[in-house]
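As the structure is a computational prediction, the values presented were derived from the model and not from experiment.
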Amino acid sequence: MLACLRSLRDLRDPLALILPVLMLLPLPLVLRCQEAYCGFIVLLMAVYWCTEIIPLAITAIVPVLLFPMFGIMTSKEVCKQYMKDTNMLFLGGLMVAVAVESCNLHKRIALRALLLVGVRPALLMMGFMGVTAFLSMWISNTATTAMMVPIAQAVLDQLNTTAPQPGDPEPGHGQTAGDQELEEKNATNDGIQPALISPVVQTQDADMEREMRMSAVPHSDEQSEQQRLRKMLSLSVCYSASIGGTATLTGTGPNLVLKGQFSQIFPDNGDVINFASWFGFSFPNMLIMLTCCWLWLHLLFLGVNFGRLRRDNSSREQAAYGIIQGEYRKLGLMSFAEKLVLGLFILLIALWFTREPALCAAGGSLFNREGKEFVTDATVVMFITFLMFIMPSHRPRLKGWAWNRTVEAEPGSDSGERKDHRSGRLLDWKEVQRKLPWNVVLLLGGGFALAKGCEVSGLSLWLGSQMLPLQNLPPWSIAALLCLLLAIFTECTSNVATATLFLPILASMAVLIKLNPLYVMIPGTLSTSFAFMLPVATPPNAIVFSYGHLRVTDMVKAGFVLNLIGVVSVTVAINTWGRAMFHLDTFPTWANISRSP
């Protein structure tokens, strides 16, 4: 029996690859229509994405193989979907993030913010959440979590170290018989009764008994509080990383999936979804969710005692604050590269906000002519990226006819120069190749190809028609139900894959019931980032779980309530300022498109 189980275990991967194909193969063989062929491919990719039996990016190239074989799209048409404007926006955003990480600007921002809030538990959590959410708006939530968790652990280690009081002897050293006698008298005078100690402890020798009487209960309470603080801070970092990524268009993959698929399905939408409009809607929702998350974690781990916010710093907290100060001092003065990257980063955000004609009439007349949108968010970020590849990372000085790069000395160093291991530019292509997650680029492209195949084959139209009974419900309840469905589904699979599979269906359903597609597509996209319950749901969860301070039950208990908070928050947002921003009360003319292949 054991040998049989071992053989099955060895065959697990081949079976996981072959069984889905065999189980789904009757669908195209029996029905023999374009919708069935596309449905077979979609279901097969969904199974592979959920099980991750092969890498997500490799599953994403399945349309290149199967769409031409089943006659859904030609190979040229499929391959065009893998490098769209949205992919370039994603690439540019990631390269800017690489520049920020390379010069340690993100770490400087994080440590500076933590120095401002202090290390009192409630404020410390607030500081970590705010910094993590802000950084996740611009760089990968995985990279943000990987940077913030070690800082949090170092601070917690210092907080959890009992600071000796002045004049107290070091434990285990220099304790005389007179000291022991004095401890005995103090214990007796304090009125500690043997009845308060368990029978097991009473059987120990007298010295051990007195020691346990004085320290057992306080030590247990302190250890329990330390565990709660570790759990609270670990969860706050991973949750705020996921929440922060929803605020910007480039913050997380599903946002870009929405941008690409929306432009593909509704080509005449007039660039309704851009960086500025998305930020205007999602940033307030992110702040609301972040506040609710802080309150929930505070209630869960610290209780309702918000007086901790006003508590004076203890010696341990001062020592922990010193840890953050020490890390900040190691960064030294702000380097030339940091200043230049910060300036370019601010310029990038300014251009993203002013590119939209509605926000800047001059920009609109300059960049968009004859009713065509020549400059997009991708153009802007690629312009900044191009500058980063040509600008020096150190202050150049003209010497003769050549540029002589000088390097600032590190604080405390004797030499005025230090060895430069980089190419001398803000961005180095080798570094970009090493840090850029190219698999996500393929994943986005595969999603666009899948969406186009569903549209061409008519599968999206058929699936949308199956959801027609929802038209009898109020629109707000439709949005809430779909958000809850996607929040549950994204716990089991990649959030990018979830958005890729569901957004075309939601678009078709909205067109059929004459509902503004943005009314369901925007909250649905945000809900795919609400993966708070399981360690495997998202990389930030897996990172904090790997440190060993959390159990699955801890994450499920905290994440379940946070999922509900997210669904309620998004539903309220889309029905309040979202309704006014995107004119959701009317069915737009750009949504009146033919859905036939």
Side-chain angles (χ1 to χ4, degrees), residues 45 48-67 75 78-102 106 135-147 241-242 245 248-261 264 348 376-386 388-389 422-423 425-452 493-501 528-529 536 538-540 542-543:
M45 292 178 67
Y48 285 167
W49 268 333
C50 290
T51 59
E52 296 190 41
I53 192 63
I54 54 178
L56 297 178
I58 302 303
T59 302
I61 65 175
V62 167
V64 179
L65 306 175
L66 297 186
F67 277 0
S75 180
V78 177
C79 293
K80 286 179 182 177
Q81 310 303 317
Y82 283 81
M83 191 52 70
K84 288 180 167 289
D85 177 79
T86 306
N87 296 80
M88 298 304 293
L89 173 61
F90 178 69
L91 277 174
L94 287 178
M95 285 191 279
V96 170
V98 169
V100 171
E101 293 179 48
S102 298
H106 63 317
L135 293 176
S136 292
M137 291 166 57
W138 315 107
I139 65 177
S140 161
N141 54 11
T142 304
T144 302
T145 307
M147 180 197 73
S242 297
T248 58
L249 198 58
T250 56
T252 187
N255 301 353
L256 291 168
V257 171
L258 170 66
K259 166 71 174 175
Q261 292 195 1
Q264 180 174 281
L348 170 64
T376 65
D377 291 333
T379 313
V380 172
V381 74
M382 281 300 171
F383 167 67
I384 298 298
T385 302
F386 182 78
M388 287 182 171
F389 273 106
R422 300 176 57 200
S423 65
R425 310 294 181 184
L426 292 179
L427 268 180
D428 175 38
W429 181 244
K430 290 183 178 179
E431 193 171 14
V432 170
Q433 283 182 308
R434 181 172 59 87
K435 291 186 175 181
L436 202 68
W438 298 99
N439 59 324
V440 184
V441 179
L442 278 178
L443 191 58
L444 284 175
F448 298 148
L450 198 62
K452 188 65 175 179
T493 188
S494 161
N495 54 4
V496 175
T498 302
T500 299
L501 292 171
T528 61
S529 295
V536 296
T538 186
I543 290 173

For [X] versus [Y], what's the shortest heavy-atom pair and its separation?
X      : Y      : value
Ser242 : Pro540 : OG-CG, 4.4 Å
Val381 : Gly92  : CG2-C, 3.4 Å
Pro539 : Thr142 : CB-OG1, 3.3 Å
Pro254 : Thr528 : CB-OG1, 3.2 Å
Phe448 : Val257 : CE2-O, 3.9 Å
Glu431 : Ser102 : OE2-OG, 2.7 Å

Min side-chain heavy-atom separation [X]-[Y] under 4.5 Å:
X      : Y      : value
Val96  : Met388 : yes
Thr500 : Gln261 : yes
Leu427 : Val432 : yes
Thr376 : Leu89  : no
Pro63  : Met45  : yes
Trp49  : Val62  : no

To the nearest 0.5 Å, what is the distance between [atom1] on [X] and [atom2] on [Y]?
X      : Y      : atom1 : atom2 : answer
Leu66  : Leu450 : CG    : CG    : 10.5 Å
Met382 : Phe389 : CE    : CZ    : 9.0 Å
Thr250 : Lys259 : OG1   : NZ    : 12.0 Å
Asn141 : Leu135 : CG    : CG    : 11.5 Å
Met83  : Leu442 : CE    : CG    : 8.0 Å
Thr59  : Ile54  : OG1   : CD1   : 3.5 Å

Could you please spell out the steps behind the side chain to side chain contact (heavy atoms under 4.5 Å, CB included) verdict for Tyr82 and Asn87? CA-CA 8 Å; Tyr82 283 81; Asn87 296 80; 6.0 Å; no
NZ (Lys80) with more than 12 external heavy atoms under 6.0 Å: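 No, NZ of Lys80 has 12 or fewer neighbouring heavy atoms, counting only those of other groups under 6.0 Å.
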Begin with the C-alpha distance, continue with both residues' side-chain angles, and end with the deciding distance and a verdict on side chain to side chain contact (heavy atoms under 4.5 Å, CB included) for Glu101 and Met147. CA-CA 10 Å; Glu101 293 179 48; Met147 180 197 73; over 6 Å; no
Kindly say whether Gly253 contributes a backbone atom to a donor-acceptor pair with the side chain of Asn495 at under 3.5 angstrom?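 No; zero donor-acceptor contacts below 3.5 Å.
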Counting N and O atoms only, with roles assigned by atom type, does the side chain of Trp138 sit under 3.5 Å from a partner on the main chain of Ala97, one being a donor and the other an acceptor?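 Side chain of Trp138 to backbone of Ala97: no pair is present.
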Using the side chain to side chain contact (heavy atoms under 4.5 Å, CB included) rule, take Trp438 and Leu91 through it: C-alpha gap first, then chi angles, then the decisive distance, then the call. CA-CA 9 Å; Trp438 298 99; Leu91 277 174; 3.8 Å; yes
